Amino acid sequence: MPELPEVETMRRGIEPHILNETIITIIVRERRLRWPVSKQFDAQAPGSKVQQVQRRSKYLLVYTSKGCIILHLGMSGSLRILDVNTPAEKHDHVDIVFSNNKIIRFRDPRRFGSVFWTRADPLKHKLLIKLGPEPLDEIFCPELLFKKSRGRKQNIKTFIMNSQIVVGVGNIYACESLFLAGIHPTTAAGKISKKRLEILVETIKDVLNKAIKKGGTTLKDFTQADGNPGYFAQSLNVYGRESEPCNVCKKPVKKITQCQRSTFYCPACQR
DNA sequence: ACATTGACCTGGGAGC
DNA sequence: TGCTCCCAGGTCAATG
């Protein structure tokens, strides 16, 4: 469900509500997420005070005085800030209750999301330690992409979705950035010129930045932390537009499958 | 080292 | 109306 812009939007929406607030209690209704929610979480987190809310890749990091809560929303997860007495509904798996009578409510029908609690550095967590560079960081640059892609036969679309290469480029924005770069999604990563990779790095940064500015893409059940939907969906060029005319050349957008994921592209504009 | 596939889950929409 | 099938924004572990 959420890609990097949605998670960043979520982070910005949530932080002001909980900064400097104390966690009163943790309510776990369902521990069976992508990984089981540990009992240390609800045992140890209460009494801790929120110091900052950060993001690494698509993980939200809630740093507190006693440890860090690591949240991932998977495909169908959402977080909302609610009043403490709002009744829980189906799939509302975890509540974090704060001293200002607000709660963060984690809902996730498909349970691909995860919630961790760690007293160590969250960036050293097993699932975060191997992550590649942030796409909006200057470390993610054409030289790096060029170097990492040489000798790779994998198609460029799957390649840029590999979190060891660069994090935060999910299915939507992989399709969109390749469209804007004019690169055909099936091209072998290792055969793309440095010049074209320069453009690709630029379009990845652009598309993510623009989506963050617009508050994330609206798709199905995505809502921002305050419950208002984002509105980036209307500016998608190819994603979800199979058979519809390309915004540039009017030829029909094509849909193919790569690595078991749908890829949308314009066969005329992307070579 | 690299590349691909299966797996984890539920809900919504299409088609019959 | 109701059933079945297919699809979905992620990403890890296992397998070639």
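In what follows, every chain begins at residue 1, and chains take the letters A, B, ... in the order their sequences are listed. Computed from a predicted structure; not experimentally measured.
- If you measure from atom CD of A/E176 to atom P of C/dG9, you get 13 Å, rounded to the nearest angstrom.
- Aromatic stacking of A/F112 on B/dC8: satisfied, with centres closer than 5.5 Å and planes within an angle under 30 degrees.
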> Under the side chain to side chain contact (heavy atoms under 4.5 Å, CB included) criterion, do A/V115 and A/F41 qualify, and how do the steps go?
Replying inline: CA-CA 9 Å; A/V115 180; A/F41 175 42; 3.7 Å; yes

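- Heavy atoms of A/R34 sit under 4.0 angstrom from at least one base atom.
- Between A/K130 and C/dT11, a side-chain N or O to OP1/OP2 separation shorter than 4.0 Å is absent.
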Could you write out each protein N or O paired with an N or O of nucleotides 1-5 of chain B at a distance under 3.5 Å?
unit_1: B/dA3; atom_1: OP1; unit_2: A/K153; atom_2: N; d: 2.8
unit_1: B/dA3; atom_1: OP1; unit_2: A/Q154; atom_2: N; d: 3.2
unit_1: B/dA3; atom_1: OP2; unit_2: A/R152; atom_2: NH1; d: 2.6
unit_1: B/dT4; atom_1: OP2; unit_2: A/Q154; atom_2: NE2; d: 3.4

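- A sub-4.0 Å separation between OP1 or OP2 of C/dA13 and a side-chain N or O of A/K126 is present.
- Rounded to an integer number of Å, the gap from A/L127 CG to C/dA13 P is 7 Å.
- Residue A/H72 places none of its side-chain N or O atoms closer than 4.0 Å to OP1 or OP2 of C/dG10.
- Spacing between atom CZ of A/R55 and atom P of C/dG10 amounts to 14 Å, rounded to whole angstrom units.
- Remark: the separation of the P atoms in B/dG6 and C/dC6 is 15 Å, to the nearest Å.
- A perpendicular orientation is assigned to the rings of A/H72 and A/Y59, their planes being inclined by more than 60° (bins at 30° and 60°).
- Rounding to whole angstrom units, NZ of residue A/K90 and C1' of B/dC9 are separated by 12 Å.
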> What dot-bracket string describes DNA chain C from 5' to 3', counting Watson-Crick and G-U wobble pairs whose defining distances are under 3.5 Å, with [ ] for crossing pairs and | for pairs to another strand?
Replying inline: .|||||||.|||||||

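- Regarding contacts with the backbone of B/dC9, every side-chain N or O of A/H91 stays at 4.0 angstrom or more from both OP1 and OP2.
- Contact check on A/E15 versus A/R11 returns a salt bridge, with a Lys/Arg side-chain nitrogen under 4.0 Å from an Asp/Glu carboxylate oxygen.
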>> Could you go through A/V62 and A/I14, starting from their C-alpha distance and side-chain angles, then the distance that decides it, and tell me whether this counts as side chain to side chain contact (heavy atoms under 4.5 Å, CB included)?
In response: CA-CA 10 Å; A/V62 181; A/I14 277 166; 5.8 Å; no

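- Whole-Å rounding puts the A/R110 CZ to B/dC9 P distance at 11 Å.
- When all heavy atoms of A/S177 and A/V207 are compared, the closest pair comes out as CB-CG1, 4.1 Å.
- Note on A/D108 versus A/R34: no salt bridge recorded, every NZ/NE/NH1/NH2 to OD/OE distance being 4.0 Å or above.
- Rounded to an integer number of Å, the gap from A/D108 CG to C/dG9 P is 15 Å.
- In this structure, A/I70 atom CD1 and C/dC12 atom P are separated by 13 Å, rounded to whole Å.
- A salt bridge is defined here as a Lys NZ or Arg NE, NH1 or NH2 lying under 4.0 Å from an Asp or Glu carboxylate O, and A/E8 with A/R12 meets this definition.
- For A/S262 and C/dC7, the shortest distance from a side-chain N or O to OP1 or OP2 is not below 4.0 Å.
- By the side chain to side chain donor-acceptor pair (under 3.5 Å) test, A/R152 pairs with no residue at all, sequence neighbours left out.
- The side chain of A/Y239 sits closest to C/dG9 out of B/dC9, C/dC12, C/dG9.
- Rounded to an integer number of Å, the gap from CG of A/L4 to P of C/dT11 is 10 Å.
- Of the residues A/L79, A/I96, A/T86, the one that meets the side chain to side chain contact (heavy atoms under 4.5 Å, CB included) test with A/R105 is A/T86.
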> After noting the C-alpha distance and the side-chain angles of A/Y265 and A/L178, does the key distance pass the side chain to side chain contact (heavy atoms under 4.5 Å, CB included) rule?
Replying inline: CA-CA 8 Å; A/Y265 71 101; A/L178 286 171; over 6 Å; no

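- Comparing the P positions of B/dT5 and C/dC7 gives a spacing of 16 Å, expressed to the nearest Å.
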